[in-house]
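Fair warning: this is a prediction, and the values are worked out from it, not measured in the lab. Chain letters run A, B, ... following the sequence lines, proteins first and then strands; every chain starts at 1.
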Amino acid sequence: MPVKQLLSRNCGKIDPRNIDDFIKAKGFQSLEHARSTMSPEGVIEEVKKSGLKGRGGAGFPCGAKWELARKSKGPNKYLICNADEGEVGTFKDRYLIQNDPFSLIEGMAIAAYAIGAAKAFIYLRAEYHYLKGLLAGAITQSEQKGFLKGLDIEIREGAGAYICGEESALMNSIEGKRGEARYKPPFPPTSGLFNEPTIINNVETLANLPLILGKGAAWYQKLGTGQSKGTKLFCVSGDVARPGVYELELGSSLWELVDGQAGARDIKLVQVGGSTGRVFPADRLDTPLAYESVLGSGAVMVLDQSRDVVEFVHRTMKFLNEESCGQCAPCREGTEVMVEILGRLDAGQGVPGDLRTLEYLSQAMMLTALCGLGQAAPLPVLDTLEHFRSEYENRIGQAVFIRSLKALGA
Amino acid sequence: MVKKQKAKARDALLGMIKEQQDSQGHVSREAMEHLARSFSLPLGEVYGVATFYTFLSTKSQGRHVIRVCQSMPCHLKDSGQVVDWISQELCLEPGQTTPDGRFTLEVTNCIGACDQAPAMLIDDVVYGGLDPQKVAQILRSMD
């Protein structure tokens, strides 16, 4: 399937600091159209029909989520834009904000109109502080031109925590607390920020809305596959000639992206969806990038044949262990034990039974962890155990040899 | 009856801790005690927030905080070497501050600059595509 320029249509073409550029490129027409000709319920219906699903990683149907919030009782409803792009290897939201912040603001205004929110937050990660001025400028200009009537958009900054990309941890952070995940239910559309009905959408999800309302759901849902409509921004990094953001129609193959677009050679494995993403060996690159198969946040990391699988998984687990908020035991202790075992394997000190323990622990974590971090942390372990098992086994079988090599400094 | 002075809205706490960090270079015990009083919160609650986030520090930090990304995309482009270059140039290890208080060196997780790997943040600025000359030049250009 071909490369598309829908979400990225304005990127590099307009001045992201100047609203007039955006307006000339038909900016805010979708919002005006929605406000003047459609009811909030009508907007929700259109978004449901489009088939738009969340682009942050979880992939929940956007319209269905909105409908829950719309129907929830409560004097205050909140919209939150999740700009806490902390997933390893993901930088598409940065790219969108840097190049076309107005599409995000327009999308937020459409979402707020649909769910009936008068207050919206953009939760911007601390690492992206340099985007704050640009975003604040886009909000101010949109206000001055009268596009944000009845809507107050406030930027709240994070302070460095991967877990705050998880929606309930994010809400705790906006409430000024430790960014720990909450038990669900209740789900945010019924009780979220300050216990009020809340919708949390990713930057890219919101940036899709002007397209959908502008060109219509019928047009939009012709793009993609059965369960995956539209296009997606993919962030390719690692062992490739051309790392960067690529917009592809959903359903395009992983091969087309990493080989065709990014110029990867000699591929050993590709991890899709960030640190807790699925791992594909070179002979599985015909996999389509879609919700039916694999998608996540759109992070696509390529490792070539020179890379060591066990070291890669050990490093990934160290990251997850560091970023575990520590609230639930399966994640806090599970990632700890995994780091220990993977560390031993990596150092050539594996013992028989290590792989079974990893698999056993994985099942427990996936079933019992409180949030997505702990639930998904075992995925790269299980996927690499499936596709690269001999590399793990060698770490045990040839442990003495590996240790002597390390001792010799080879 | 004397009305108790109304405590500040709880959701402002993180922002106010961040203000301390930005203006003082760290969040001191005195600052936390002051915040606890003005928010009518236990000190432990304020401490809990101040120590949860990696961009907040209860220890004094340098004028510039260098954060070298160690996540996989940067690791694949030898981010470990970037740490070594800086360590050599400034004679300090990750987690330390130079004696003159100019720099604190830290390693950090993904900063979303994977297309420019290896990358680092110094304060709020991203520097990508790093090599030894570039790193030395950047460090020398800072006050």
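- Only the side chain of A:Y128 comes within contact range of chain B, with heavy atoms under 4.5 Å apart.
- The pair B:D115-A:R242 does not meet the salt-bridge criterion, since no charged nitrogen lies less than 4.0 angstrom from a carboxylate oxygen.
- Rounded to the nearest 0.5 Å, atoms NZ (A:K318) and CG (B:N109) are 11.0 Å apart.
- Here CD of A:E85 is found 12.0 Å from CD1 of B:I111. Values are rounded to the nearest 0.5 Å.
- For the atom pair CG (B:D124) and OH (A:Y130), the distance works out to 10.0 Å, reported to the nearest 0.5 Å.
- Atom CD of residue A:E127 and atom SG of residue B:C110 lie 8.5 Å apart, to the nearest 0.5 angstrom.
- Within a 6.0 Å radius of CZ in B:R29, other residues, nucleotides and ligands contribute 12 heavy atoms or fewer.
- Using a 4.5 Å cut-off between heavy atoms, A:E322 contacts chain B through its side chain alone, with no backbone atom that close.
- Counting all heavy atoms, side chain and backbone alike, B:L14 lies closest to A:A159 at CD1-CB, 4.2 Å.
- In plain terms, the two heavy atoms of B:G112 and A:F91 that are nearest each other are O-CB, 3.3 Å.
- The structure places OG of A:S237 at 7.5 Å from CG of B:L76, a figure rounded to the nearest 0.5 Å.
- Both the backbone and the side chain of B:Q70 come within contact range of chain A, judged by heavy atoms closer than 4.5 Å.
- The part of A:C164 that comes within reach of chain B is its side chain, from C-beta onward, which places non-hydrogen atoms under 4.5 angstrom from that chain.
- Interface check for chain A: of the options B:K77, B:K18, B:H75, the most heavy-atom pairs under 4.5 Å are formed by B:H75.
- Minimum heavy-atom separation, A:A161 to B:Y53: CB-CD2, 3.8 Å.
- Interface residue B:L121: only side-chain heavy atoms are found under 4.5 Å from chain A.
- Proximity to chain B (any heavy atom under 4.5 Å) is restricted, for A:V302, to the backbone atoms N, CA, C and O.
- B:D11 has a carboxylate O that lies under 4.0 Å from a charged side-chain N of A:R156, or vice versa, which qualifies the two as a salt bridge.
- In this structure, no portion of A:S275 lies under 4.5 Å from any heavy atom of chain B.
- Note that CD1 of A:I163 and CZ of B:F52 are 7.0 Å apart. Values are rounded to the nearest 0.5 Å.
- Panel note: side chain A:R178, backbone B:G48; a donor-acceptor pair is recorded below 3.5 Å.
- Comparing A:V240, A:T316, A:V88, A:L303 by how many heavy-atom pairs each has under 4.5 Å with chain B, the most go to A:V88.
- Contact annotation for A:F194: only side-chain heavy atoms (C-beta onward) come within less than 4.5 Å of a heavy atom of chain B.
- Between the side chain of A:R315 and the main chain of B:M72, no donor-acceptor pair closer than 3.5 Å is present.
- Interface residue A:E157: backbone and side-chain heavy atoms are both found under 4.5 Å from chain B.
- Counting heavy atoms of neighbouring residues, nucleotides and ligands inside a 6.0 Å radius, atom OH of B:Y127 exceeds 12 of them.
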